[in-house]
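Below: the structure, in structure tokens.
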Amino acid sequence: MTASNALFEENHDIFRESVKRFIQKHVTPYHEEWEKEGIVPRDFWLEAGAAGILCPDLPTQYGGPGGDFRHNVVVLEEMMKVGATGPGISVHSDIVAPYILNYGTESQKNAWLPGMCEGRLISAIAMTEPGAGSDLQSVKTTAKYQDRDIILNGQKTFITNGQSADLIIVVAKTESQHGAKGISLIVCEGDREGFKRGRNLDKIGLKAQDTSELFFDNVRVPKENLLGNKNKGFYHLMDELPQERLSIAVAAVSAAEAALDWTIQYVKERNAFGKKIIDFQNTKFKLAELKTQLSVARIYIDECINKHLRGDLDAVQGAMAKLWTTDLQCKVIDECVQLHGGYGYMREYPIAKAYEDARVQRIYGGTNEIMKEIISRTL
Ligand SMILES: Cc1cc2nc3c(=O)[nH]c(=O)nc-3n(C[C@H](O)[C@H](O)[C@H](O)COP(=O)(O)OP(=O)(O)OC[C@H]3O[C@@H](n4cnc5c(N)ncnc54)[C@H](O)[C@@H]3O)c2cc1C
């Protein structure tokens with residue numbers, strides 16, 4: 001299953017076929033190697049750029065293929081179908097690119113977006129700090145104006161694409177005595193003096209994706225690297241988070257659907273007590289429940305994608321989508337592991353990796369407790 005056919009037009013279907021071919025050739029054969037390395041090589045990014053898979057919704061005037069968010073959905077779905085969680089494409093295309101497109105000046109867009117589409121510039125967004133994750137307003141990283149420059153000082157952690165990134169949107173305090181009202185977004189290039197990357201963090205899942213600590217020690221960037229309005233960074237973040245959360249939700253539903261497909265296939269082949277595992281009523285009922293729950297989630301997600309295309313997806317709907325689908329993803333995949341028996345615990349089976357990869361979905365992009373907090377404000 002993918003997002004319903006009604007959502008897509010012919011050009012999305014054609015794009016989907018090309019994404020599938022790209023994944024077969026450039027992702028599947030190498031993913032295991034990337035998992036061992038803990039990182040996806042730069043060549044992959046260049047190949048993905050050449051295939052038009054990076055930032056597919058960016059307008060042609062900035063080097064993009066000129067698609068819409070449904071093209072991003074296609075990439076997410078096809079990657080999740082084969083358990084390709086390594087490439088940090090979603091952060092790059094669905095999260096960072098929209099900030100630059102929506103808040104960048106013409107010269108920022110011209111300087112950065114074409115390279116991001118080509119895969120020459122890999123991007124990241126650095127919000128989280130060792131002492132501030134959910135409570136983003138209390139970040140300690142500072143951005144002080146000095147003559148024509150901005151000086152960055154501080155530390156970030158858990159940053160996706162942190163080892164590879166050439167461009168990092170840094171969430172920092174331009175007014176350190178203020179909370180949300182003192183936050184700005186500053187773009188830092190990866191080769192700036194004083195900028196250092198920490199180790200590639202050892203995670204329980206998403207093994208091929210690099211995740212890092214980042215250090216800023218008197219890093220000087222020109223004041224033209226301010227993205228959006230000074231002291232309005234927190235509000236820019238709040239405006240963009242629905243798309244980030246919708247992308248996580250799309251990935252969640254797609255990953256869970258893939259897990260269900262693998263499991264149906266497995267239980268049709270595996271025997272116990274003289275019959276196929278699928279012939280036990282427990283197996284059929286369990287799979288029927290999961291299929292039903294996923295079908296309902298799919299309808300809600302399709303509705304959210306439609307709303308987002310119309311510019312109507314609000315923070316609460318984005319939070320609900322992320323909360324519901326990531327909880328469901330973990331539940332579905334856990335049940336699928338169970339139906340695989342001991343083989344479900346072996347990393348050579350995709351279901352085992354899907355289990356490891358799923359867990360973080362309830363944590364990043366705002367934890368699911370924070371989603372409930374956002375939703376409960378409307379009660
Ligand atoms: C693999 C991975 C990739 C990531 N990628 C990025 C990235 O690219 N960029 C980035 O900036 N960050 C990234 N993160 C960080 C992620 O967004 C944070 O870990 C997350 O927001 C939670 O912050 P925290 O870890 O500080 O947990 P904390 O905020 O310390 O939360 C700890 C617990 O307390 C709960 N809690 C906190 N506040 C409340 C509250 N008000 N009400 C109820 N419960 C609450 C939380 O839900 C959680 O259960 C990534 C994390 C991981 C693991």
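Remember, it's 1-based here, ligands and their atoms both numbered in the order they're listed. In this text the structure is predicted, and so the values were computed from the model without any measurement.
The protein non-hydrogen atom at the shortest distance from atom 40 (C) of ligand 1 is Ile370 CD1, 3.9 Å. Closest protein heavy atom to atom 20 (C) of ligand 1: Ile363 O, 3.6 Å. Atom 37 (C) of ligand 1 has its closest protein heavy atom at Ser134 OG, 3.6 Å. For atom 43 (C) of ligand 1, the closest heavy atom belonging to the protein is Glu369 CB, 3.9 Å.
Note that CG of Leu260 is 7.5 Å distant from NZ of Lys291, once rounded to the nearest 0.5 Å.
Contact analysis leaves Val91 out of contact with ligand 1, as no non-hydrogen atom separation drops below 4.0 angstrom.
At under 3.5 Å, not a single nitrogen or oxygen of Ala132, backbone or side chain, sits near a nitrogen or oxygen of ligand 1.
Remark: atom 34 (O) of ligand 1 lies closer than 4.0 Å to no protein heavy atom.
Only the side chain of Val360 comes within contact range of ligand 1, with a heavy atom under 4.0 Å; no backbone atom does. Here Lys156 has no heavy atoms under 4.0 Å from ligand 1, in either its backbone or its side chain. Counting heavy atoms closer than 4.0 Å to ligand 1, residue Thr160 contributes atoms from both its backbone and its side chain.
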Item to check | Stepwise side-chain contact (heavy atoms from CB on, under 4.5 Å) check, Arg42 with Asp166 | outcome: CA-CA 11 Å; Arg42 293 193 79 86; Asp166 306 290; 2.7 Å; yes

